[in-house]
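First the structure, in the form of structure tokens, and then the observations on it.
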Amino acid sequence: MTRAEGNAGPDTGTGSNIVKVVAASMAGTTVEWYDFFLYGVAAALVFPAVFFPASDPAVGTLASLGTFAIGFVARPVGGLVFGHFGDKIGRKKLLVLSLLMMGVATFAIGLLPGYATIGIWAPILLVVLRLIQGFALGGEWGGAVLIVSEHGDPARRGYWASWPQAGVPLGQLLANGLLFLLAAVQTDEAFAAWGWRIAFLASALLVLIGLWIRLAVEESPVFREAQAQAEERAAAGEKDSMPILEVFRRYPREVFTAMGARFAENVSYYIFTIVISTYATQRLGLSSRFVLGAVLIGAVVHLVTIPLWGALSDRVGRRPLYLFGAAGVGIWAFAFIYLVDTRNFWLIALAVVVGLVLHGAMYGPQAAFLSELFGTKVRYSGVSIGYQLASILAGGIAPLVAVYLYTRFDSGYAVSVYVLVCSLVTIVAVATYTETRNRDLAADTGIAGTKPWSTAR
């Protein structure tokens with residue numbers, strides 16, 4: 001397929017239209033990841049004491065991080081459900097629903113009594129709300145990146161599709177920033193007792209803003225065209241298969257490629273941003289404010305560099321950058337532990353910043369790369385399945401595995417080896433697949449048995 005052929009497709013509208021679509025997608029993504037990361041940081045710093053019986057602090061931390069992992073288990077289920085209906089009725093409706101579900105669950109966590117008040121019901125209800133968070137997030141990512149990928153100029157798809165990805169560090173920046181501010185202006189006792197709840201309750205305002213922006217967005221033209229052709233086939237007596245069945249029948253290789261591509265990206269991110277909290281506070285004896293400040297600096301740099309990596313992928317391709325990022329985080333993981341062990345704030349901040357810049361080399365092109373793996377009528381299901389299934393085996397258990405490793409081997413370098421192994425998985429998955437940046441998202445409208453890019457495979 002030529003570059004000109006790859007740029008063919010329906011009229012995607014004016015530049016101002018794509019900016020509006022990106023803003024709506026990024027706003028919702030920011031809110032949802034703010035909620036999700038808020039839980040992750042609180043699970044490491046606050047929840048062990050609030051929602052679990054007073055016992056061995058290490059056991060409480062593992063139990064709390066276990067509830068963090070449960071959210072990842074729910075994400076593939078959310079991806080399946082949202083993906084199915086997103087491929088059937090459109091991306092926009094499901095994006096609104098996912099935002100509402102996430103917002104309600106997060107707000108409820110802010111009101112949830114602790115173990116000292118309602119006993120065993122505290123961790124039980126926390127798990128239920130975490131499952132709702134995971135279910136909602138499982139449907140959010142696929143719709144957010146697809147509605148941008150299917151709107152924008154194909155020649156700049158990597159750049160535009162990277163902006164919803166930038167909503168992740170922005171959400172983390174807001175979550176860590178607010179927790180850092182609350183921890184700075186309160187005593188440790190007040191923060192642990194009630195101050196942390198303010199950040200969860202504040203999500204209600206962010207949800208309202210996100211809904212206001214997201215409701216103004218139109219459905220993607222690529223999906224509308226595919227849906228119109230599906231309706232014509234239905235009128236002629238033809239019936240499309242369920243999107244989930246089509247994904248595994250026509251795109252099994254692409255599902256595994258998407259999963260493999262996630263390992264280094266997903267695991268390294270949670271090591272650099274979540275596990276550092278437990279490692280630095282419990283093993284090194286540093287304060288939570290100290291760690292949050294370092295991660296905050298890293299999130300700012302991450303936010304700026306993700307779109308730059310996305311734009312670069314439009315010039316050099318998705319695969320070279322992805323391989324560079326995967327190899328980079330695998331090597332840097334060892335320098336990361338070395339710098340964190342110094343207990344020096346600026347060296348720890350440097351460790352996080354470099355780690356997240358390398359992570360961005362994967363995360364920036366990722367939205368376009370995964371979108372380009374699947375045809376329009378199964379794209380929501382395909383990207384959601386590949387993305388979220390990997391989340392269970394990668395990021396979902398990363399905090400638990402990391403805590404176990406540095407506790408079992410009494411060394412943070414055991415975590416570095418873990419990251420390196422995941423990097424090798426990603427390198428194999430991406431290196432053995434073809435470059436995708438020239439693929440035309442509009443070419444496949446769901447006609448069974450066809451793949452518009454078969455000659456490029």
Side-chain angles (χ1 to χ4, degrees), residues 72 75-76 79 83 137-138 141-142 144-146 148-149 157-158 161-162 164-166 168 247-248 251-272 302 305-306 309-310 312-314 316-333 355-375 378-398 418-439 441 453 456-457:
F72 286 83
R75 283 169 63 172
L137 191 62
W141 185 86
V145 300
L146 290 188
V148 175
S149 296
R157 184 185 299 137
S162 69
Q165 302 286 78
V168 176
V247 167
F248 286 107
Y251 303 98
R253 169 70 185 281
E254 284 72 13
V255 170
F256 285 109
T257 297
M259 290 178 64
R262 289 276 286 148
F263 267 74
E265 175 268 308
N266 207 212
V267 169
S268 66
Y269 188 76
Y270 286 104
I271 299 301
F272 296 154
H302 201 209
T305 55
I306 284 176
W309 287 119
L312 186 59
S313 76
D314 288 325
V316 304
R318 323 297 184 210
R319 192 169 66 165
L321 295 185
Y322 219 106
L323 293 173
F324 170 76
V329 297
I331 296 171
W332 184 253
L356 291 180
V357 168
L358 293 169
H359 173 271
M362 294 179 285
Y363 206 59
Q366 185 183 82
F369 176 50
L370 268 60
S371 298
E372 290 157 353
L373 296 178
F374 303 95
V378 299
R379 187 169 292 129
Y380 202 146
S381 297
V383 299
S384 296
I385 292 168
Y387 189 92
Q388 304 302 348
L389 281 178
S391 295
I392 299 178
L393 301 175
I397 63 172
Y418 172 46
V419 176
L420 178 61
V421 170
C422 293
S423 295
L424 294 176
V425 172
T426 293
I427 288 171
V428 171
V430 176
T432 55
Y433 198 83
T434 188
E435 177 58 53
T436 63
R437 73 184 174 111
N438 289 334
R439 292 182 174 179
L441 297 189
W453 48 76
R457 295 292 304 279

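For clarity, every value in this text was computed on a predicted model and none was experimentally measured.
Take V425 and apply the side chain to side chain contact (heavy atoms under 4.5 Å, CB included) test, not counting sequence neighbours, and it matches F263. L389 is linked by a side chain to side chain contact (heavy atoms under 4.5 Å, CB included) to P76, M259, I385, counting only residues two or more places apart in sequence or in another chain. For A161, the side chain to side chain contact (heavy atoms under 4.5 Å, CB included) partners at least two apart in sequence or on another chain are S149, A367, A368. Partners of S381 under the side chain to side chain donor-acceptor pair (under 3.5 Å) rule, at least two apart in sequence or in another chain, are D87. In this structure H302 satisfies the side chain to side chain donor-acceptor pair (under 3.5 Å) test together with H359, sequence neighbours excluded. Remark: A398 pairs with V267, Y270, Y418 by the side chain to side chain contact (heavy atoms under 4.5 Å, CB included) rule, at least two apart or across chains. In this view, F369 and Y322 satisfy the ring pair (Phe, Tyr, Trp, His ring centres under 6.0 Å) rule, not counting sequence neighbours. Checked against side chain to side chain donor-acceptor pair (under 3.5 Å), S423 has no partners two or more places apart in sequence or in another chain.
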F374/V255 under side-chain contact (heavy atoms from CB on, under 4.5 Å): CA gap, chis, key distance, verdict: CA-CA 9 Å; F374 303 95; V255 170; 4.1 Å; yes

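Heavy atoms only, all atoms of each residue included: A258 and L370 are closest at CB-CG, 4.0 Å. Closest of all the heavy-atom pairs between S384 and G79 is CB-O, 3.5 Å. The two residues T257 and A429 come nearest to each other via the heavy atoms CG2-O, 3.9 Å. Contact detail for T432 and V428: the closest heavy-atom pair is OG1-O, 2.7 Å. In terms of heavy atoms, A431 sits closest to L323 at N-CD2, 3.9 Å. Contact between T426 and A326 at its shortest, heavy atoms only, is CG2-CB, 3.8 Å.
Between atom CD of residue E254 and atom CD of residue E372 there is a gap of 12.0 Å, rounded to the nearest 0.5 Å. Taking CG of L321 as the start and CG of L358 as the end, the distance is 12.0 Å to the nearest 0.5 Å. Atoms OH and OG1, from Y363 and T305 in turn, are 12.5 Å apart once rounded to the nearest 0.5 Å. Taking CG from L312 and CZ from R318, the interatomic distance works out to 10.5 Å, rounded to the nearest 0.5 Å. Atom CD in Q366 sits 4.5 Å away from atom CD in E265 (nearest 0.5 Å).
Between F324 and W309, the two ring planes are tilted [angle within 30° to 60°].
Side-chain contact between M362 and V430 is absent, with no heavy-atom pair separated by less than 4.5 Å. With a 4.5 Å cut-off on side-chain heavy atoms, R319 and P365 do not count as touching. Side-chain contact between R439 and T434 is present, with at least one heavy-atom pair separated by less than 4.5 Å.
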